[in-house]
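Presented below is the structure to which this report refers.
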Protein chains: 2
Amino acid sequence: MPKPEVDQTVPLQLSVDRNSPVPLYFQLSQQLEAAIEHGVLTPGSLLGNEIELAGRLGLSRPTVRQAIQSLVDKGLLVRRRGVGTQVVHSQVKRPLELSSLYDDLEAAGQRPATQVLAHTHVPATAEVAARLGVGEGSEVRCVERLRLAHGEPMAYLCNFLPTGLLELETGQLEATGLYRLMRAAGITLHSARQTVGARAATPAEAERLGEPAGAPLLTMQRITYDDTGRAVEYGTHTYRASRYSFEFQLLVRS
Amino acid sequence: MPKPEVDQTVPLQLSVDRNSPVPLYFQLSQQLEAAIEHGVLTPGSLLGNEIELAGRLGLSRPTVRQAIQSLVDKGLLVRRRGVGTQVVHSQVKRPLELSSLYDDLEAAGQRPATQVLAHTHVPATAEVAARLGVGEGSEVRCVERLRLAHGEPMAYLCNFLPTGLLELETGQLEATGLYRLMRAAGITLHSARQTVGARAATPAEAERLGEPAGAPLLTMQRITYDDTGRAVEYGTHTYRASRYSFEFQLLVRS
DNA sequence: CTCCCTTGTTTGTCCGGACAATGTGACTGC
DNA sequence: GCAGTCACATTGTCCGGACAAACAAGGGAG
């Protein structure tokens, strides 16, 4: 009785455009990713060896390897010496982007809205100064916002930014997310340090979010750095635990 | 007035052992990482161009690039065309490992302990079956544990595993973490899907964790997959929010 | 003095090849 | 029938070179 093994090598239509300015390895990796996404490359199927693949596409092996490697890093493929490269079974989404709540909600089709509660410049408290790496008492921008979805409060966001980093208008803050504005201002976000916890709501917080007093809240603190290592944002957020949770995918560091 | 720019090229003592079985690029990346860790390479300092570095070490440029690239992926270095490669300022730790609570506590010097509350085989409920990708009602291993630090309850852990995956003894579960046991059994963990939220403790939960009734709890659900895409573990954990929070570093996907 | 262009430096991409390490499967000897 | 061994397939590592693209700084024109 022949077992219907899924580990078959899949013939695949691939092509690259050498006149395109987009790198060849990137073209290839995108096509492979799309093929996986659309189920053309089924989980468990082998990709065919690199040498043959390179020959078929008219590329060199290093280029093909670079394409495959990027997908391995994303967790979509697994390589095994002596076996080949195969598609991972599990439904990997993406390993937790540095995303704003606004983008998350929008991606979920929730039509987010923002109320700017305060938008001022204040002297930095000791804590804020330490997080942002500025002098205590120096002036920082302070933004307090309420994020809504379907007209219901979802989260209360309090952010501090160094002054002079970018121009910010209240109107912009109500139309889109903070990260999008920062990226648009030419700031390249690089990394962030996050702490996620929970605690009971104070009466003021409960009132603000429309929760009963003492309700559990999900809290997040985040310091964001740009690629030069400067802290560009420090935020403390509180989410309605009854309506929001963090969901993300992790990859194991090889 | 000359500004004391930190962006200096740093002379560095590096060497590789060609007789070692460990890859050359890995030797180099480890030495560079150590130099950054120990502050020999200060934040903002340039690394010197790749060609010269390769020549100095007797390596080829691709090998040097591979070493540097791995550190760029870790977020320790930043490359800029026409400028060079420089060390990132911020204190990047690690971008959130697939770690067990046990390892986290041990790393923090908390001397973790485990009480195994239950260790049985049960028929899978619809939810567990869906998460693990097994048939509803088929037998799965169920482990309930209480994790303590300094004798105080920290978290209640409830895990489900497919049967036949590995041998597990209660004694082992009390001595170390589940992930360590799985790795020791030859299972290569690959990725995990996590959901983090918060809710109020039920009376039973409060009792178990030594919290007052209705206290906020931090909750985490996790499905872990191995490199073939099988789900190898599904767990629902509740943490005392007053004593525990998740902390992690994110990198921006280029 | 200011602005623009040129020039040089450095990384990004790509090639073609070579050998080593590892896992698979078939073959052979017992 | 079984186990050990050998050959094969495939990825891992490494080399040396070539050209393109982006950025910074210096020099020249206005």
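Chain naming here is simple, since letters A, B, ... match the order of the sequence lines and numbering starts at 1 in each. Basis for what follows: all heavy atoms, side chains included, without hydrogens, waters or symmetry-related copies.
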Test salt bridge (Lys or Arg N to Asp or Glu O under 4.0 Å) applied to B:Arg141 - qualifying residues, sequence neighbours left out: none
Under the ring pair (Phe, Tyr, Trp, His ring centres under 6.0 Å) test, residues paired with B:Phe246 that sit two or more places apart: B:Tyr239, B:Tyr244
Under the salt bridge (Lys or Arg N to Asp or Glu O under 4.0 Å) test, residues paired with A:Glu174 that sit two or more places apart: none
Distance, rounded to the nearest Å, where B:Leu46 contributes CG and D:dC23 contributes P: 16 Å
By side-chain contact (heavy atoms from CB on, under 4.5 Å) - contacts of A:Arg180 (at least two apart): A:Tyr102, A:Asp103, A:Glu106, A:Thr176
With B:Glu52 via side-chain contact (heavy atoms from CB on, under 4.5 Å) - residues at least two apart: B:Asn49, B:Arg56
Letter per nucleotide, 5' to 3', of nucleotides 6-15 of chain D [B base touched, S only sugar-phosphate touched, - untouched; heavy atoms, 4.0 Å]: ---BBBBBSB
